[in-house]
Participant: 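If you scroll down you'll find the structure; I have some questions about it.
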Amino acid sequence: MLNYRQLHYFWVVAKTGSIVRACEQLNLTPQTISGQISLLEDTYGLPLFRRVGRQLELTETGRQVLPYAEQIFQLGNDLQSMLRMAPKEQQILFRVGVADVVPKSIVYRLIAPTMELDKPIRITCREDKLDRLLADLAIQRLDLVISDSPMPSHLDIKGLSQKLGECGISFFATATLARNYGENFPHCLNGAPLLIPGPETVIRSRLLRWLAEQKIQPRIVGEFDDSALMQAFGQSGIGVFIAPSVIAQEVMRQFDVELIGQTEAVTESFYAITVERKSRHPGIVAITEGARRELFTPASD
DNA sequence: ATTTATACGGTCCCGCCAGG
DNA sequence: CCTGGCGGGACCGTATAAAT
């Protein structure tokens, strides 16, 4: 059994950088701490510190051990401060996973309503590929996943998809690019360099189908799974890129690009995926209600 | 430049004490 | 009684400054 007391002393010494400073923090004498750390080292036969002059320095093993200790005791500290708080002030942990396909400012606008809850909330936001997020959702390491597609049916995970809303898409280009391809939308896109979302996205096939229907053949110069990456390339003037129309103003301002056209024929939808649970997380409620209230054209289902 | 004094950080040995 | 954790005091090696 791992001796957490010894590990704790190790952690404090490693963090403060010396036994003496650890003593002040722990209200112990150097012998005690030194002795306990030695015992820990002996248990596994691996030195954690190297004596360099008068200082202590972490060994390679010590450096490997430290992040574990860090997690263990940081979590412990979080637990304590949570318990010490009055029940009314206790923060609600809200862990959100965001598929990297989803544009950042959409994410922000979706999550923003949770900040206005009367209970203090602490949001953890992680961005990743959808399947990995869903895996974490399944083992309850996430409360909610925001994605551009509903819960895939082929996965054997219990999940509840809720459509947050949908909207048309807008095309953007830098001023230089817009001079050449900015007239007579959407036919100006013919031959225009275009950045498109990657094969994992839903919007991609809708976009390509629409372009084909319009008999428009752009020159596809890049594919991106990550919307932020696509915008960054778009900002540099490599090609025309798209974003949901609801954030058109923000995109133009943020990336200093011009709007060359909008269409409602291609829509992008956003979904909140949760695990089925009796008690609904207040953050989830805030997001779904907030999305209905202000963000998109009302969702049909 | 070398020696000496002092301070500092860590370790070793030993005895104490509480809990099983 | 044994064990784990603790502190007191002695001790060692090193850094820094002062004296020679």
Side-chain angles (χ1 to χ4, degrees), chain A residues 1-98 111 114-115 117-128 132-145 157-158 274-284:
Chain A
M1 175 63 181
L2 177 65
N3 187 322
Y4 285 94
R5 173 180 252 102
Q6 292 168 355
L7 188 67
H8 185 227
Y9 295 169
F10 161 79
W11 177 59
V12 177
V13 171
K15 268 205 328 169
T16 58
S18 86
I19 291 189
V20 170
R21 268 178 299 218
C23 289
E24 292 161 8
Q25 201 169 317
L26 295 166
N27 284 319
L28 293 169
T29 55
Q31 315 88 290
T32 300
I33 292 174
S34 170
Q36 291 302 312
I37 289 176
S38 297
L39 284 173
L40 180 62
E41 290 176 325
D42 292 347
T43 307
Y44 299 99
L46 296 165
L48 301 169
F49 289 106
R50 209 188 348 263
R51 281 70 190 164
V52 177
R54 292 202 294 216
Q55 304 294 111
L56 288 185
E57 192 175 272
L58 283 169
T59 60
E60 190 48 45
T61 315
R63 273 199 291 276
Q64 288 173 345
V65 171
L66 186 56
Y68 286 92
E70 187 72 42
Q71 265 199 312
I72 290 169
F73 296 111
Q74 194 50 56
L75 197 62
N77 284 345
D78 288 354
L79 173 62
Q80 282 192 69
S81 54
M82 187 271 288
L83 289 172
R84 270 198 271 271
M85 265 188 261
K88 263 207 108 167
E89 295 163 14
Q90 278 180 14
Q91 280 189 322
I92 306 166
L93 193 57
F94 189 33
R95 301 156 303 177
V96 182
V98 180
I111 293 181
T114 61
M115 309 290 192
L117 291 170
D118 19 325
K119 277 197 145 198
I121 197 159
R122 175 162 168 182
I123 294 170
T124 321
C125 218
R126 214 188 85 214
E127 194 185 46
D128 211 330
R132 276 194 240 156
L133 294 174
L134 292 176
D136 275 354
L137 184 68
I139 57 171
Q140 309 230 346
R141 267 166 64 169
L142 288 174
D143 299 305
L144 173 75
V145 171
I157 300 171
K158 259 192 278 178
T274 52
V275 282
E276 287 170 293
R277 235 183 300 174
K278 278 176 196 160
S279 65
R280 293 250 282 151
H281 195 291
I284 296 172

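So you know, we letter chains A, B, ... as the sequences are listed, proteins then strands, and number each from 1. Keep in mind that this is a model prediction, so the values were computed, not measured.
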Participant: Looking at residues at least two apart in the chain, or sitting in another chain, which of them share a side-chain hydrogen bond (donor to acceptor under 3.5 Å, both in side chains) with A/E41?
Facilitator: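 If we apply the side-chain hydrogen bond (donor to acceptor under 3.5 Å, both in side chains) test to A/E41, skipping adjacent residues, there are no hits.
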
Participant: Looking at residues at least two apart in the chain, or sitting in another chain, which of them share a side-chain contact (heavy atoms from CB on, under 4.5 Å) with A/D136?
Facilitator: A/R126, A/I139, A/R141, A/L142

Participant: Please list, chain by chain and in numerical order, all residues satisfying side-chain hydrogen bond (donor to acceptor under 3.5 Å, both in side chains) with A/R122, sequence neighbours excluded.
Facilitator: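 Partners of A/R122 under the side-chain hydrogen bond (donor to acceptor under 3.5 Å, both in side chains) test: none.
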
Participant: Got a list of side-chain donor-acceptor pairs under 3.5 Å for residues 56-65 of chain A, not counting sequence neighbours?
Facilitator:
from	atom 1	to	atom 2	distance (Å)
A/E57	OE2	A/R50	NE	3.4
A/E57	OE2	A/R50	NH2	3.4
A/T59	OG1	A/P47	O	2.7
A/T59	OG1	A/L48	O	3.1
A/T59	OG1	A/T61	N	3.4
A/T59	OG1	A/G62	N	3.1
A/E60	OE1	A/R63	NH2	2.7

Participant: Tell me what A/Y9 touches on the nucleic acid: a base, only sugar-phosphate, or nothing, going by heavy atoms under 4.0 Å.
Facilitator: sugar-phosphate

Participant: Taking ring pair (Phe, Tyr, Trp, His ring centres under 6.0 Å) as the definition, give me every residue that meets it alongside A/F73, ordered by chain and number, with sequence neighbours left out.
Facilitator: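 Applying ring pair (Phe, Tyr, Trp, His ring centres under 6.0 Å) to A/F73 gives A/H8, A/W11.
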
Participant: Polar atom pairs between nucleotides 16-19 of chain B and protein, under 3.5 Å, N or O only, would you list them?
Facilitator:
none

Participant: What is the first contacted nucleotide of DNA chain C and what is the last, in 5' to 3' order, if contact means an atom lying under 4.0 angstrom from a heavy atom of chain A?
Facilitator: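 Listed 5' to 3', the contact boundaries are C/dG5 to C/dA15.
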
Participant: Is any side-chain heavy atom of A/L133 closer than 4.5 Å to one of A/L137?
Facilitator: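 They are not in side-chain contact.
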
Participant: Remember a base hit wins even if backbone is also touched, and classify A/L28 as base, sugar-phosphate or nothing at under 4.0 Å, heavy atoms.
Facilitator: sugar-phosphate

Participant: Excluding sequence neighbours, so at least two apart, what forms side-chain hydrogen bond (donor to acceptor under 3.5 Å, both in side chains) with A/T124?
Facilitator: none

Participant: Output all residues satisfying side-chain contact (heavy atoms from CB on, under 4.5 Å) with A/T29, sequence neighbours left out; order by chain, then residue number.
Facilitator: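 A/T29 satisfies side-chain contact (heavy atoms from CB on, under 4.5 Å) with A/Q31, A/T32 only.
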
Participant: Report the residues that fulfil ring pair (Phe, Tyr, Trp, His ring centres under 6.0 Å) with A/Y9, sequence neighbours left out, ordered by chain and then residue number.
Facilitator: none

Participant: Give me the distances for all protein-to-nucleotides 5-12 of chain B N/O pairs that come in under 3.5 Å?
Facilitator:
from	atom 1	to	atom 2	distance (Å)
B/dA7	N3	A/R54	NH1	3.4
B/dC8	O2	A/R54	NH1	3.2
B/dG9	O3'	A/R54	O	3.3
B/dG10	OP1	A/I19	N	3.2
B/dG10	OP2	A/I19	N	3.1
B/dG10	OP2	A/V20	N	3.0
B/dT11	OP1	A/R51	NE	2.6
B/dT11	OP1	A/R51	NH2	2.2
B/dT11	OP2	A/S34	OG	2.2
B/dT11	O5'	A/S34	OG	3.3

Participant: Can you pull out every salt bridge (charged side-chain N to carboxylate O under 4.0 Å, His left out) where at least one residue sits in residues 8-22 of chain A? Sequence neighbours excluded, please.
Facilitator: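 Found none.
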
